[in-house]
Amino acid sequence: MINIKNIVKKYFIGEPNELTVLKGLNIDIDEGEFVSIIGQSGSGKSTLMNILGALDRPTEGEYALDDVSLAGMTDNQLSEIRNKKIGFVFQTFNLIPRCTALSNVELPMFYKGVGRRQRSERARELLRLVEMEDRADHMPNELSGGQKQRVAIARALANDPSIILADEPTGALDTKTGNLVMDIFLKINKEEGRTVILITHNQGLAIQTQRIITLSDGEIVSDERNERQAVQ
């Protein structure tokens, strides 16, 4: 599903203070895997997430998604890839303040051209999945952090993506609420077979995933299967 080969990311290219953030990464992620990418601040994990999510382009190397190379694609083509194949969940939720929970979940489908009735039905179905149907008509400022994140997960699923990319999704939540959100990701992965990639610095979250990739200073220092989770 995801194949990256010799991925390098540099900033200030050609200048004296040129910075290499990613240093020749090689990663293959199969369909249906639940993978965590961990590392301290500055390790390069968020830069890697931006490349995996087609939000940024590598300076060097190859990235193929579903056996299709993203090299040379236009911005519009990359946008279409994101819209169809990838759902994003961020630490800061990124909900539209003036829209209800239901409208926030509908939004990706609106941009895809899905009809109004179908959008509404699908959005309510997804809010049920994350146990937020009773908050469908609430505005974001009427929701707790955990509730906002559950709405954000429902929104990420709106266009039925095969990949969910979650960047520090529990970073703004307390431990109990973070665990509830993590349970939703586990459910999405196990019951629906979606590929989930979790970007985190939290080892406690990482050990709940099937595979743990550890970055340090832009390099992979370990890539290990979590056998306890893999057999569940």
Single-linkage hydrophobic cluster, 4.5 Å side-chain cutoff, Ile188 and Leu205 together: yes

Neighbour count above 12 (heavy atom, 6.0 Å) for Asp28 CG: yes

Spacing of CE belonging to Met139 relative to CG belonging to Asp137, to within rounding of 0.5 Å: 10.5 Å

Shortest non-hydrogen contact between Arg119 and Val114, atoms and distance: NH1-O, 2.9 Å

Same apolar cluster (I L V M F W Y, side chains within < 4.5 Å links), Leu215/Ile27: yes

Side-chain touch Leu157/Arg194, heavy atoms, less than 4.5 angstrom: yes

Least distance between heavy atoms, Gly146 atom then Val181 atom: O-CG2, 4.5 Å

Side chain to side chain, Met132 and Val105, heavy atoms closer than 4.5 Å: no

Side-chain touch Arg82/Phe88, heavy atoms, less than 4.5 angstrom: yes

Arg225/Glu33 salt bridge by N-O under 4.0 Å criterion: yes

Within 6.0 angstrom of Glu142 CD, more than 12 heavy atoms from elsewhere: yes

Criterion side-chain contact (heavy atoms from CB on, under 4.5 Å) on His201 and Ile38, from CA distance to verdict: CA-CA 5 Å; His201 67 275; Ile38 67 172; over 6 Å; no

Heavy-atom side-chain proximity of Asn17 to Leu19 below 4.5 angstrom: no

Nearest atoms (heavy-atom pairs only) where Pro108 meets Asn83: O-OD1, 4.1 Å

Euclidean distance, Gln208 CD relative to Leu198 CG, rounded to 0.5 Å: 9.0 Å

Where Glu18 and Ile13 come nearest, the two heavy atoms and their spacing: OE1-CA, 3.4 Å

Set of salt bridge (Lys or Arg N to Asp or Glu O under 4.0 Å) partners for Glu31, sequence neighbours left out: none

Between Thr200 and Ser36, a side-chain donor and acceptor under 3.5 Å: no

Side-chain heavy-atom pair Thr209, Met182 within 4.5 angstrom cut-off: yes

Residue pair Leu95 / Arg155, side-chain heavy-atom distance below 4.5 Å: yes

More than 12 heavy atoms of other groups within 6.0 Å of Gln40 CD: no

Using residues 124-131 as the side-chain source, report each donor-acceptor pair under 3.5 Å to any protein atom, sequence neighbours left out, with the distance given to one decimal.
residue	atom	partner	partner atom	Å
Glu125	OE2	Arg122	NH1	3.4
Arg128	NH1	Glu133	OE2	3.2

Polar side-chain atom of Thr74 near backbone of Gln77 as donor-acceptor pair, under 3.5 Å: yes

Asn226 (side chain) donor-acceptor with Ile207 (main chain) under 3.5 angstrom: yes

Cationic N near anionic O, under 4.0 Å, Arg116 to Glu106: no

Connected via hydrophobic side-chain network under 4.5 Å: Ile153 and Phe90: no

Interatomic distance, Asp167 atom CG to Gln91 atom CD [nearest 0.5 angstrom]: 7.5 Å

Between CG on residue Asp223 and CG on residue Leu25, distance to nearest 0.5 Å: 11.0 Å

Heavy-atom check, side chain of Gln149 versus side chain of Pro169, under 4.5 Å: yes

Which atom of Val221 lies closest to which atom of Ser216, heavy atoms considered: CG1-CB, 3.8 Å

Backbone N/O of Arg57 and side chain of Lys9: donor-acceptor pair under 3.5 Å: yes

Option from Val35, Val196, Asn3 for which side chain to side chain contact (heavy atoms under 4.5 Å, CB included) with Ile29 holds: Val35

Over 12 foreign heavy atoms within 6.0 Å of OH, Tyr11: yes

Chi angles and distances behind the side-chain contact (heavy atoms from CB on, under 4.5 Å) call for Val151, Phe93: CA-CA 8 Å; Val151 172; Phe93 320 128; over 6 Å; no

Side-chain touch Leu65/Ile2, heavy atoms, less than 4.5 angstrom: yes

Salt bridge Arg150-Asp183, side-chain N to carboxylate O under 4.0 Å: no

Sole candidate of Thr47, Thr59, Asn6 that passes side chain to side chain contact (heavy atoms under 4.5 Å, CB included) when paired with Leu22: Thr47

Flag, side chain of Thr195 to backbone of Gly32, donor-acceptor distance under 3.5 Å: yes

Connected via hydrophobic side-chain network under 4.5 Å: Met1 and Phe34: no

NZ (Lys5) with more than 12 external heavy atoms under 6.0 Å: no

Heavy-atom neighbours of Asp67 CG exceed 12 at 6.0 Å: no

Ile37 with Val8, same ILVMFWY side-chain cluster at under 4.5 Å: no

CA sep, side-chain torsions, deciding dist, call: Ile51, Ile4, side-chain contact (heavy atoms from CB on, under 4.5 Å): CA-CA 10 Å; Ile51 290 174; Ile4 68 172; 5.6 Å; no

Worked verdict on Ser120 versus Leu102 for side-chain contact (heavy atoms from CB on, under 4.5 Å): CA-CA 7 Å; Ser120 179; Leu102 183 70; 4.3 Å; yes

Approximate separation, where rounding is to 0.5 Å, of Ile197 CD1 and Leu52 CG: 5.5 Å

Spacing of CD1 belonging to Ile163 relative to CG belonging to Asp66, to within rounding of 0.5 Å: 6.5 Å

